[in-house]
Every structure is written in C-alpha cells, then in structure tokens.
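Notes follow once the structure below has been shown.
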Amino acid sequence: MPCVRDQVRPSCVTEPYLMVVGGRQIDRRLVAYAGIRGVQRIRCMCACVVRFHFACLSNAHCKRHLSSTSISFIATGSRADPQRTAVLSHRYPCFNPSAGTAMDDRPGSNPSTARSIVLIAIVMIVAVAAFIYTSGWFSRARISPSQLVDSLAPPGGPALGFRRNHAKGICFTGTFQSNGNGAALSSAPMFAAGAYPVTGRFNLGTADAKAADGAVPVRGMGLRVVTPDGSEWRSAMIDAPFFAVATPEAFYALMQALANKSDPNAMKQFIAAHPEFPAFYSWLTTTPKTASYAQERFNSLNSFVFSNAAGQNSVVRWSFVPEATPQTLSADELKQRAPDFLDTDITQRVTNAPQRWTMIVTVANPGDPTADPSKAWPDDRRKVTAGTLVVSAIEPEADGPCRDLNFDPTVLPSGMHVSDDPFPAARSAAYSVSFNRRTAEDKFYPHTAARGSAQ
Ligand code: HEM
C-alpha cells in the first residue's frame, strides 16, 4: 500500500484526538476507550503515527513496526482492562496485541517517561508554590526583613555606616574555656573541653550610635566562638530575662506603635493586642542598671536545639552570668555618668584583669514555651554549666575586630540548631539587611586615623 499523503489529515498534528493509524482514523472515542490519559501522550502518539505513515507505510517492515507500535500503545492504554484490547483488535484487525511492544521504546510515548514528566511537573508546581508561600506572597500580614529594619530607624533616619540596632558598641576578644560538660547536650566542637578564641561586642539596644550609655535600658553582647576545624557559633544576647514580644510580627507592630506620634492611642492599642508586653515594660522601667558591662548577665532568650553525640535532642536557652558582683545605680546616678562610661569602665577593668562570665545552658521541660521568648521558663529547669567566657582585651569598635561582624544567631555549628522559635530566622534576615546597608555606607563611618592612613 503506497504512502498516500492525503490519507493523513494534516490537522492531525494539531488536533490530537483525530488520528490516522495504519490508514484508519481513530476518533476521540477510541482514544478515550484505549484509556489514554494526558494530552502529552496523545500528542506524542499522533506525531509518531503521522511520521510512520508518511515514511513507512509502503514498507512491509515498517508496516509491521507501525502495527506493533500501535498495538503496544493500545495494550498499554488498556492494560487495566484486557477486554478493551480485544474489542479494539476486533474492530481494528491490524492491531494484533501479540505483535510486540515497540512503542515502549519511543521517547515521549513510554508510559514511565510520561509518568516522570507528570512527576517533574508536580514537583515543580510544589516547589514554586512553596517558594511563593515562603516569600509571603500569599500572606498579606507577612513582613519583609527590609520593613523590619526600616522600622528600627529613629525619626531623623538611621546612623549611616552603623548597625541599624544596637548601634553603639565596643569590641572585645578572649577565649571560651569549655569544661566539657556541654558535650552531654551538644556535639558542637566548642563544648569539647578546651579553650577557643572569641570575638565579641558589648553594645546598647538603640539605633542611636551616639546615645549616652546611661540613657539606654537594654544592654547586649555579641559573641563569636570559633574552633580549629573552622566551626563557628555566633550569638547576640541581651540583659533582659525575657523578650518584649512573642513574635517578630509583634516586634514590628511595637516599632510602629512607638514611632506613631500622630495617634496618642497607638501604644494603648498595641498593648491591648499584645498582653505579653507589660511584663517587659515593667522590667525595663523598674530594674536598676548595673555600673558595668562586666556585671551584666546576658541571655539568649531565643531557644535552640542541642543534639549530642548519641543523637539526643534538647531544647535549650543559654545565659552568660557575670563573675563580677553587680553594683546597681540609681536613676540619678545613671544620669550623672559620662556618656561613654560603660566603654571607659570595661576598658579599664579588662586592662586591669580579664573579666569572666559563666555559660549556663537551661534545658526546657516538655511543654515549655520554646517558640515564645517573651515567656521565661520556670527556675527549676535542668541547668548545665558549660564553661567560662574570658574577655582579655577591649578595642574600640571603629576598625576593631567586631565592626564588620554580623552576630547572626543562626550561625551555628553542628550539634546546635534553630528550634520552633520564629525569632532567629527573622533576626538573621534583618541582621543581613542591616549588615549590607552599613557596609555599603562605609564612607559615612568614622574610621580611625590609623585605618585612614593605611588606605
Ligand atoms: C525581630 C526581632 C529583632 C530584630 C528585627 C532585630 C534587629 C537587629 C538589627 C538590625 C541588629 C543590627 C545587626 C547588624 O547590623 O549586625 C541587631 C543587633 C542586635 N540584636 Fe537584635 N533584633 C531582634 C531581636 C533581638 C533579640 C530577641 C535579641 C536578644 C536576645 C537581640 C539582640 C541583639 C544584639 C545583642 C545585637 C547587637 C549584636 C552586635 O553587636 O552586632 N535582638 N538587632
């Protein structure tokens, strides 16, 4: 039988349900009958059949091939119901189910290939949906890291070149002397007994880089511990015993309420919606400040997961408790201190002798609020003393070793992980924005003369 071009409907390629196989038209009912699922396969079949028809129909070998191809296809489509194959064979005698499965070898027509394509498509759709979801496109309430950082800016705008929060600080170096006890909770290399170098920063919780030390009620410590294998643990802690709010969204709402000078009820409304805040406000306004960074206890507040060598997980928070006895200052005494008295004090103390803090890890009991740093855990929780932070040198921040560090709390070694606490991830994203902004504003930063002359 000659290969007659006009036996094939030219529309076949674009009209997948109408096909010519072996000189016979197969209509959409047949396609449905054969159990064909998915346009992709139908298109493939159509293209394949048309190609064979043009090229091979007059050739006996190809005719057999075409026949077996068609049979395989039908057989595949009707595998679940052999009776259908029989009916097809009957109605279309050239389709002999015993003739082979050549179609299975054809790319695009192979059922497993089609399945793979469908699978890939599903995976891609899920990945795109997950990306869109995590980007916050589905959620109008979601706040971007840039918005969070913008919300920290004082009315006059940010201090260019400085951290967008905790903008005033001073660098330190020293060691973390691990006693080995922390290894019971975490396989992090810095919990193996030994001494590991530390770079850190004492700081004030304000966006004002020129704030007077006595005027800022929150003090902080940035810490970075490294081990010889290159592992790093970074942390940024404050002296409050619990955080102001329960979620990053609430933190943003707090910043907005504080900045809202046009609405006298803004803070009232914020507090009504965030009942956790008054406890923090009370701590902020009634707890006397100490005379020195060396007398402050610094707390992680956020919870993390420690995993030990046996694979056991514990949800923990940690604190650095000062060896120096706290000497509290009255509000009047605080006001009378020089604007940089904390920097002067810590420089003097460390010049005289290294200053020490004990690291205490507190382990949550089941049911403790691990995702909410505004809720302290009860005092009776298990505590492990993991080692001692020894601060042995102080350097000004300008061109000091801490200036270009980002104390991102999600930079963790193996054996430490983030928990269900949403803050570390939000903080990490915000710190990154702040870091990028301040390093891009280098020309505004008051470099030291030494650095200036070296350039
Ligand atoms: C969503 C909540 C928070 C936001 C948006 C936020 C934002 C920031 C930003 C932008 C910086 C400057 C980062 C840099 O440029 O390197 C910073 C520094 C700091 N933050 Fe937060 N923070 C949040 C929560 C916390 C919490 C819960 C703590 C304490 C547990 C904390 C403690 C600190 C400390 C100590 C620093 C100074 C670290 C350093 O010396 O570089 N922050 N914060």
Side-chain angles (χ1 to χ4, degrees), residues 130 133-134 176-196 198 221-238 240-243 245-251 276 297-321 357-389 406-432:
Y133 176 77
T134 51
F176 176 64
Q177 298 182 348
S178 171
N179 57 21
N181 292 344
L185 294 172
S186 165
S187 58
M190 44 290 287
F191 288 138
Y196 307 101
V198 156
M221 178 201 269
L223 193 66
R224 176 207 199 203
V225 184
V226 294
T227 50
D229 67 349
S231 296
E232 280 203 30
W233 167 38
R234 299 189 194 184
S235 181
M237 299 160 272
I238 56 174
F242 43 80
F243 200 52
V245 285
T247 63
E249 289 77 12
F251 183 80
E276 73 273 27
R297 171 187 172 125
F298 297 103
N299 307 301
S300 75
L301 303 189
N302 294 132
S303 71
F304 295 81
V305 177
F306 277 7
S307 310
N308 65 14
Q312 293 160 330
N313 290 334
S314 315
V315 185
V316 303
R317 291 173 177 164
W318 56 77
S319 298
F320 283 78
V321 179
W357 285 257
T358 304
M359 181 186 177
I360 296 180
V361 183
T362 303
V363 183
N365 273 6
D368 282 345
T370 55
D372 181 354
S374 73
K375 292 195 172 51
W377 297 340
D379 280 342
D380 65 353
R381 295 299 181 253
R382 179 185 170 201
K383 293 191 170 49
V384 174
T385 301
T388 306
L389 168 66
N406 169 357
F407 293 97
D408 176 341
T410 64
V411 175
L412 301 165
S414 61
M416 295 189 195
H417 315 274
V418 290
S419 68
D420 58 352
D421 186 330
F423 274 92
R427 292 173 64 189
S428 174
Y431 291 21
S432 170

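Residue indices begin at 1 and follow the sequence shown.
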Distance check, rounded to the nearest 0.5 Å: Thr358 atom OG1 versus Gln177 atom CD? 11.0 Å

Working for side-chain contact (heavy atoms from CB on, under 4.5 Å), residues Phe176 and Phe191: CA-CA 9 Å; Phe176 176 64; Phe191 288 138; 4.2 Å; yes

Hey, does the side chain of Ser186 reach the backbone of Gly415 with a donor-acceptor pair shorter than 3.5 angstrom? yes

Asp408 meets the side chain to side chain donor-acceptor pair (under 3.5 Å) criterion, sequence neighbours left out, with Thr410, Ser428

Using ring-ring contact (aromatic ring centres under 6.0 Å, His included) as the criterion, list what pairs up with Trp318, not counting sequence neighbours. Trp233, Phe304, Phe306

Under 3.5 Å, side chain of Trp357 to main-chain N/O of Arg297, donor-acceptor pair present? no

Output all residues satisfying ring-ring contact (aromatic ring centres under 6.0 Å, His included) with Phe423, sequence neighbours left out; order by chain, then residue number. Phe243

What one should report as the nearest heavy-atom pair of Ser231 and Met190 is O-CE, 4.1 Å

Crowding at CG, Asp379 (>12 non-hydrogen neighbours, <6.0 Å): no

Applying ring-ring contact (aromatic ring centres under 6.0 Å, His included), name anything that partners Phe320, two or more places apart in sequence or on another chain. none

Report yes if the side chains of Met359 and Leu389 come closer than 4.5 Å at any heavy-atom pair, otherwise no. no

Which residues satisfy the side chain to side chain donor-acceptor pair (under 3.5 Å) test with Asp420, sequence neighbours excluded? Thr370

Residues that Arg427 engages under salt bridge (charged side-chain N to carboxylate O under 4.0 Å, His left out), provided they are two or more places apart: none

Quick check against the 3.5 Å criterion: does Glu276 have a side-chain atom that pairs as donor or acceptor with the backbone of Ser374? no

Tell me whether Arg317 contacts the main-chain N or O of Leu301 through its side chain, where contact means a donor paired with an acceptor under 3.5 Å. yes

Can you confirm whether the side chains of Asp421 and Ser419 place a donor and an acceptor under 3.5 Å from each other? no

Side-chain donor or acceptor of Ser319 paired with backbone N/O of Asn299 under 3.5 Å: no

